[in-house]
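In what follows, a structure is listed as structure tokens, so that the remarks can point back to it.
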Amino acid sequence: MKETIRLEDYTGMILKALPKGLLLNTNGGKFNSMVIGWGNLGVTWGAPTMVVYVRENRYTKAQIDKTGEFTISVPLDGPVPEIVRVCGGQSGRNVDKVQAAGLTLEPPEVIHTPGVKEYPLTLECQVLYAQRQDLSALPQDIRASMYPPDVDGTHPMANRDPHTAYIARIVSAYIIR
């Protein structure tokens with residue numbers, strides 16, 4: 001069962017949970033979930049939006065580019081360590097994250113990407129705009145710490161790959177009960 005929510009009633013909670021890890025879910029032929037700790041929640045072009053940042057070599061990026069959509073799953077009681085371990089440290093190219101992390105998928109309302117029952121606050125998002133970062137435009141300290149040129153793009157944390165920023169309209173928001 002899903003309980004529709006007013007997004008503005010949950011923005012503080014979502015932003016507080018973000019640096020601890022939300023799930024960015026995709027479904028471009030195979031469900032995938034990635035832990036994110038960066039993002040923006042707001043209003044763009046008069047619509048409620050979520051901005052997510054995905055590195056160049058991530059399986060998630062290929063999925064979003066293919067479908068133009070994703071869901072965001074937010075834990076209500078804090079991150080689940082096993083979900084964070086699997087979804088934050090392994091690639092969906094090689095691992096079935098539903099099985100490995102013990103995820104329970106919930107059918108979506110508007111788009112084609114499910115939510116995750118274990119992280120029940122769900123935002124269904126449709127991409128409006130995507131922009132690849134120009135690393136030369138970033139301050140040197142951020143480039144050095146977040147984009148070290150000697151770290152391969154497959155490394156799960158900071159590496160040399162730029163991010164693509166996806167600005168997505170939130171088309172449905174609910175809590176899976």
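- Chaining together hydrophobic side chains whose heavy atoms lie under 4.5 Å apart places Val110 alongside Ile111, Val171.
- Within a 6.0 Å radius of CG in Asp141, more than 12 heavy atoms belonging to other residues, nucleotides or ligands are found.
- Under the salt bridge (Lys or Arg N to Asp or Glu O under 4.0 Å) criterion, Asp152 pairs with Arg160, not counting sequence neighbours.
- The minimum heavy-atom distance linking Val127 with Glu69 is given by the pair CG2-N, 4.1 Å.
- Shortest non-hydrogen contact noted between Val151 and Ala158 is CG1-O, 3.5 Å.
- Side-chain atoms of Thr67 and Asn27 include no donor-acceptor pair closer than 3.5 Å.
- Two residues are said to be in side-chain contact when any heavy atoms from C-beta on lie closer than 4.5 Å; Leu18 and Leu41 fail this criterion.
- Counting only heavy atoms from C-beta outward, the side chains of Thr122 and Glu106 never approach each other to under 4.5 Å.
- Listed here is the closest heavy atom pair of Ile83 and Ala101: CG1-O, 3.8 Å.
- Nearest heavy-atom pair, Ser33 versus Leu103, reported as atom, atom and distance to 0.1 Å: CB-CD1, 4.2 Å.
- Listed for the Tyr147 side chain is no donor-acceptor partner under 3.5 Å among the backbone atoms of His163.
- Linking ILVMFWY side-chain heavy atoms closer than 4.5 Å, directly or via other members, places Met34 and Met146 in two distinct hydrophobic clusters.
- When all heavy atoms of Tyr10 and Arg6 are compared, the pair lying nearest together is CD1-O, 3.5 Å.
- With Tyr59 as the aromatic partner, Lys97 does not meet the cation-pi criteria of under 6.0 angstrom to the ring centre and within 45 degrees of the ring axis.
- The neighbour count for Arg143 CZ, taken as heavy atoms of other residues, nucleotides or ligands under 6.0 Å away, is above 12.
- No continuous path of hydrophobic side-chain contacts links Leu23 to Leu123 [ILVMFWY only; heavy atoms under 4.5 Å].
- For the side-chain contact (heavy atoms from CB on, under 4.5 Å) test, residues two or more places apart in sequence or in another chain that qualify with Glu82 are Arg85, Val86.
- Across all their heavy atoms, Gly88 and Val35 have their closest contact at N-CG2, 3.5 Å.
- Using bins of under 30°, 30° to 60° and over 60° for the plane-to-plane angle, the ring pair Tyr53/Trp38 lands in the perpendicular bin.
- The one candidate from Glu3, Glu124, Glu109, Lys2 that meets the side chain to side chain donor-acceptor pair (under 3.5 Å) condition with Tyr174 is Glu124.
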